[in-house]
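Throughout, protein chains are lettered first and strands after them, A, B, ... in sequence-line order, and every chain is numbered starting at 1. When reading the values below, keep in mind they use all heavy atoms of this one structure, side chains included, and skip hydrogens, waters and symmetry mates.
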Amino acid sequence: MAYESVRGMRDILPDEADYWTRLEATIRKIARRFNYREIRPPLVEHTELFSRGIGAATDVVNKEMYTFPDKKGRSLTLRPEATASVVRAYVEHGMTTQDPFQKLYYIGPMFRYEKPQKGRSRQFHQYGVEAIGSLDPSLDVEVISLAWSLMHELGLGGLSLRLNSIGCAADHERYREALRAHFAPHIGSMCEDCQRRYDDNPLRILDCKNKICQPYIADAPGSTEHLCDDCADHFERVKELLDQLGLDYVVDPHLVRGLDYYTRTVFELTSKDLGAQDALLGGGRYDDLVKMIGGPDTPGVGFAGGMERLILVLKEREEQVMEHRIDLFLVTLGDAGRTLALDLSNGLRGEGLSVDLDYRGRSFRKQMTQANKLSARYLLVLGDDEATSKKGKLKEMDSGEETEVALSAEEIMRKIEPLSD
RNA sequence: GGGAGUGUGGCGCAGGUGGUUAGCGCGCUGGGUUGUGGUCCCAGAGGUCGCGGGUUCGAGUCCCGUCGCUCCUCCCA
């Protein structure tokens, strides 16, 4: 093999790409229903944006970023997630004063240097929404509701939404202390990672899956026990609204998330159809992020979802590849037929039909085979006879029926309803 | 980062204890006389057996290393 793709980065070939375009279309449709508008930030940002925004102590920033110097020695990073970029764009383009309430969504590749495995690659794709500029709990709920709508639209089952509130920055501090107090007597017998986390960020201990740590984590205090009045009220309101809308969730007082910018509401949607990488999407509030990045004090809420994992589920469910049909195949015989075919195909494509013909000088028989393989809906044989008479037989491939047709783009269009695309 | 498995033509696989020209299915190409397909028949192309060392008279087959992939763990999307 002369060259191989870079580790953890794979080609999406046409058969699979059909699933991707469909998934993207569904995401756009749902985003539109909730009136979120697309934003496309660059894939590369100044490293500092991520190390400050996401948090220097997180795994993502610590060991998973694709960071490199550019030709002038500036440190750049391929984005490991998009929220920081969206917020940067929000501030950079003056939305803070011009139109401070923004509902945005994005779709695109992200990069994290991790060990690849099922549902996790180094270049992967996320979609996500960000609602910036309001502290209203109904906005938290809208974002969650959007997530549910998307899953519903995709027909995904076996889902569960875990929900929690980790409070504001002041609450974090109190909670961290409470956790340290709780773990202090046991920390010596807990895993190495947790011993490090104990100092760095004890919240992260709650994510530990190590068996030896489980018993101590199980009876650790929940974050909701340390919420200030405002945060507690906010959380109550979120839950009420979710109930009111009939959106299922389970409160998990130990749910904390991997990125430092989260405040108050955090949530995670998992699927039991996915194995080890079961998180479909995750998100929450980030009321301090805009300020952290240099903007005015502005709250926000959003989530990001992994697309590879959705594709995995969608493909598994459908078994065979998506049907890919063309409207018309032109079989050509001789120079006159070919000239006619080139002319007609041009006209018909202009009318919006998907038309193809042979470009490899293949025999009549092989052209028929090709038409078949392309699942052409209709077929037209063009030879000397057709070239002189300007009439042909339009064959419907599924039924085998043939109908006489005048050989002009207009007449042929009249006989074929294009596939809706 | 830790653990396990795996790597043979485009894809899916065979190739007991090492022995001559590496097979099969699908796919691909051509043909079954350039006017009608999906079936069928015939022929053919395509592999430095992931890569690099080593053992041996001889290695796809044994050993070491390396890279990739897969799964678990970890983390997350």
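Pairing for B:rU55 is absent, with no Watson-Crick or G-U wobble pair whose two atom distances lie under 3.5 Å. B:rU21 is unpaired under the criterion used here, namely a Watson-Crick or G-U wobble arrangement in which both key atom distances are under 3.5 Å. Base pairing annotation: B:rU36 forms no Watson-Crick or G-U wobble pair, as no partner gives both donor-acceptor distances under 3.5 Å. With a cut-off of 3.5 Å on both Watson-Crick or G-U wobble distances, the partner of B:rG68 is given as B:rU6.
A:Leu280 comes within contact range of the sugar-phosphate backbone alone, with a heavy-atom separation under 4.0 Å but no base atom that close. At the heavy-atom level, A:Asp207 lies under 4.0 Å from the strands shown only through sugar-phosphate atoms. Counting non-hydrogen atoms under 4.0 angstrom, A:Gly334 reaches nothing in the nucleic acid. Among the heavy atoms of the strands, none lies under 4.0 Å from A:Asp335. Looking at heavy-atom distances under 4.0 Å, A:Glu402 makes contact with a base. A:Gly400 comes within 4.0 angstrom of a nucleotide base, judged by non-hydrogen atoms across all strands. Within 4.0 Å of A:Ala304, counting heavy atoms only, lie sugar-phosphate atoms of the nucleic acid but no base atom. Across all strands, A:Gly8 comes closer than 4.0 Å only to sugar-phosphate atoms, never to a base (heavy-atom distances). Contact annotation for A:Leu333: base contact, defined as any heavy-atom pair under 4.0 Å involving a base atom. As judged by a 4.0 angstrom heavy-atom cut-off over every strand, A:Met397 is placed among the base-contacting residues.
For the P atoms, the distance linking B:rU20 with B:rC67 amounts to 33 Å, nearest Å. Comparing the C1' positions of B:rG7 and B:rG15 gives an interatomic distance of 15 Å, to the nearest angstrom. Going from the C1' atom of B:rU48 to that of B:rG32 covers 37 Å, rounded to whole Å. Only the P atoms considered, B:rG38 is 15 Å distant from B:rG30, to the nearest whole Å. Taking atom P in both B:rG5 and B:rC62, the straight-line distance is 14 Å, to the nearest Å. Comparing the same atom, C1', in B:rG47 and in B:rA14 gives a spacing of 15 Å after rounding to whole Å. Rounded to the nearest Å, the gap between the C1' atom of B:rA22 and that of B:rC49 is 8 Å. Spacing of C1' atoms, B:rU17 relative to B:rC76, comes out at 47 Å, to the nearest Å.
In the set B:rC76, B:rU36, B:rC69, the nucleotide with an atom closest to the side chain of A:Val381 is B:rU36. Looking at the side chain of A:Lys395, the nearest of the listed nucleotides B:rU36, B:rC72, B:rC75 is B:rU36.
When rounded to the nearest whole Å, the span between CD of A:Gln367 and P of B:rG30 equals 11 Å. Residue A:Lys373 contributes atom NZ, which lies 11 Å from atom P of B:rU39 at whole-angstrom precision. Separating the CG atom of A:Leu340 from the C1' atom of B:rU34 is a distance of 16 Å, rounded to the nearest angstrom. Atom NZ in A:Lys366 sits about 14 Å away from atom P in B:rC42, given to the nearest Å. We find that CD of A:Gln370 is positioned 15 Å from C1' of B:rG30, with the value rounded to whole Å. We find that CG of A:Asn372 is positioned 13 Å from P of B:rG27, with the value rounded to whole Å. Rounded to a whole Å, the CG atom of A:Asp59 is 11 Å from the P atom of B:rA77. Distance CE (A:Met368) to P (B:rG31): 16 Å, rounded to an integer number of Å.
Distances shown here put every side-chain N or O of A:Arg197 at or beyond 4.0 Å from the OP1 or OP2 atom of B:rC74. A:Gln117 has a side-chain polar atom (N or O) that falls below the 4.0 Å cut-off from OP1 or OP2 of B:rC72. Not one side-chain nitrogen or oxygen of A:Lys393 sits closer than 4.0 Å to the OP1 or OP2 atom of B:rG35. Note on A:Arg120: every side-chain N or O is 4.0 Å or more away from OP1 and OP2 of B:rC74. Listed pair A:Arg362 / B:rG30 meets the phosphate criterion, a side-chain N or O lying under 4.0 Å from OP1 or OP2. Proximity of A:Arg365 to the phosphate of B:rG37: no side-chain N or O atom is located under 4.0 Å from OP1 or OP2.
When the options A:Asp140, A:Leu269, A:Ile144 are evaluated for a side chain to side chain contact (heavy atoms under 4.5 Å, CB included) with A:Leu163, the one that passes is A:Ile144.
Looking at A:Ser85 and A:Glu45, their side chains do bring a donor and an acceptor atom within 3.5 Å of each other. Side-chain contact check for A:Asn164 and A:Ser223: at least one donor-acceptor pair (N or O, by modelled atom type) lies under 3.5 Å. When only modelled atom types and interatomic distance are considered, A:Asp243 and A:Tyr249 share a side-chain donor-acceptor pair under 3.5 Å.
Nearest-nucleotide mapping onto RNA chain B: of A:Arg122 and A:Gly306, the residue sitting toward the 5' end is A:Arg122. Map A:Lys115 and A:Gly305 each onto its nearest nucleotide of RNA chain B; the residue landing nearer the 5' end is A:Lys115.
Counting heavy atoms from C-beta outward, A:Gln123 and A:His125 have side chains that approach closer than 4.5 Å.
A distance-only check finds a donor-acceptor pair linking the side chain of A:Arg204 to the backbone of A:Arg257 [under 3.5 Å]. When atom types are taken as modelled, the side chain of A:Arg349 and the backbone of A:Val355 share a donor-acceptor pair closer than 3.5 angstrom. A distance-only check finds no donor-acceptor pair linking the side chain of A:Glu268 to the backbone of A:Ala279 [under 3.5 Å].
With hydrogens and angles left out, the side chain of A:Glu114 and the base of B:rA77 share a donor-acceptor pair within 3.5 Å. Counting distance only, with no hydrogens placed and no angle test, the side-chain atoms of A:Arg10 and the base atoms of B:rC69 include no donor-acceptor pair under 3.5 Å.
Ring centers of A:Tyr286 and A:Tyr262: at least 6.0 Å apart, outside the cut-off.
B:rG35 has no stacking from A:Phe364 on its base ring, since the centres under 5.5 angstrom apart and planes within 30 degrees of parallel are not both found.
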